Asker: 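Questions regarding the structure given below will be posed in turn.
All values derive from a computational prediction rather than experimental measurement. Within every chain, numbering begins at 1; the chains are lettered A, B, ... in the order of the sequence lines, protein sequences first and strands thereafter.
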Amino acid sequence: AQTVTQSQPEMSVQEAETVTLSCTYDTSENNYYLFWYKQPPSRQMILVIRQEAYKQQNATENRFSVNFQKAAKSFSLKISDSQLGDTAMYFCAFMKTRFGNEKLTFGTGTRLTIIP
Amino acid sequence: EAQVTQNPRYLITVTGKKLTVTCSQNMNHEYMSWYRQDPGLGLRQIYYSMNVEVTDKGDVPEGYKVSRKEKRNFPLILESPSPNQTSLYFCASSLGTGTYGYTFGSGTRLTVV
């Protein structure tokens, strides 16, 4: 079974600073997907960024980028030039690519607060 | 607009009173799934469906039922709710390739007293 660990329950940074959220996972699969979801106070789950395990290049979406280290089973999220609207709970999630249950296995989340 | 619609957004009920949370998607997705979110536990899968009439248990299925009679709808049924089912529930749908992950509904906050 897969597990996802987010070791930082809470973090806070000043507006415009850069922050990195950690995520590690455990799996015996070779091909899989990794995701970061954002959950603002509205509680909507919003996909921030995704990474395919067979791609070595780290994914980037505007101010959001990941550091994917497959051998270390690490998938951290970097938010550059943080904004007040980035205040949210962030969840790291894993999905294996085999046909069948496309279950997302989530970490316990990191609550990020951007301070004005 | 492509979306997953869940209703109701909030629900307070009493122990043992059957309830249904509806979920509908307009993206022609094959995969649909229900998750519950609890503090300190993240989100956990309750049930999933790979297509019409194809459903199976996730990690925490006890006390829940689902059905998939139409591709767009995937209701969650609690036949005899108990206080330990107080939680935030999400319906989600996917194309089925993992390419884009899941699109989530806006959540249902359920309180069972």
Asker: Could you tell me whether the side chain of B:Tyr35 reaches within less than 4.5 Å of the side chain of A:Leu104, counting heavy atoms only?
Answerer: yes
Asker: Check whether B:Ser33 gets within reach of chain A through its side chain, its backbone, both or neither, counting any heavy atom under 4.5 Å.
Answerer: neither
Asker: Where does B:Leu41 contact chain A at under 4.5 Å (heavy atoms): side chain, backbone, both or neither?
Answerer: backbone
Asker: Same cluster or not: are A:Met95 and B:Val60 linked, directly or through other Ile, Leu, Val, Met, Phe, Trp or Tyr residues, by side-chain heavy atoms under 4.5 angstrom apart?
Answerer: no
Asker: Are B:Leu11 and B:Val14 joined in one hydrophobic group, where the rule is that I, L, V, M, F, W and Y side chains link up if heavy atoms are under 4.5 Å apart?
Answerer: no
Asker: At a 4.5 Å cut-off on heavy atoms, which part of A:Gln6 comes close to chain B: side chain, backbone, both, or neither?
Answerer: neither
Asker: Can you check whether B:Tyr102 reaches A:Phe35 side chain to side chain, under 4.5 Å on heavy atoms?
Answerer: no
Asker: Which atoms form the tightest heavy-atom contact between A:Phe91 and B:Gln37, and what is the distance?
Answerer: CZ-NE2, 3.4 Å
Asker: Relative to chain A, which segment of B:Arg109 carries a heavy atom at a distance below 4.5 Å: side chain, backbone, both, or neither?
Answerer: both
Asker: Are A:Ile49 and A:Ile79 co-members of a hydrophobic cluster defined by side-chain heavy atoms under 4.5 Å apart?
Answerer: yes
Asker: With the 4.5 Å side-chain cut-off for hydrophobic clustering, are B:Tyr64 and B:Trp34 part of the same group?
Answerer: yes
Asker: Side chains of B:Leu88 and A:Gln39: does their closest heavy-atom pair fall under 4.5 Å?
Answerer: yes
Asker: Could you tell me whether A:Gln57 atom CD has more than 12 heavy atoms of other residues or ligands within 6.0 Å of it?
Answerer: no
Asker: For chain B, which residues from residues 58-71 of chain A have at least one heavy atom closer than 4.5 Å to it?
Answerer: none
Asker: Does A:Gln56, at its CD atom, have more than 12 non-hydrogen atoms belonging to other residues, nucleotides or ligands within less than 6.0 Å?
Answerer: no
Asker: Taking 4.5 Å as the heavy-atom cut-off, does anything in residues 106-116 of chain A contact chain B, and if so which residues?
Answerer: A:Phe106, A:Gly107, A:Thr108
Asker: In Å, rounded to the nearest 0.5 Å, how long is the span from CD1 of A:Ile46 to OG1 of B:Thr103?
Answerer: 11.5 Å
Asker: Quick one: what part of B:Asp59 sits under 4.5 Å from any heavy atom of chain A, side chain, backbone, both or neither?
Answerer: side chain
Asker: Same cluster or not: A:Val19 versus A:Tyr37, using hydrophobic residues (I, L, V, M, F, W, Y) connected whenever any side-chain heavy atoms lie under 4.5 Å apart?
Answerer: no
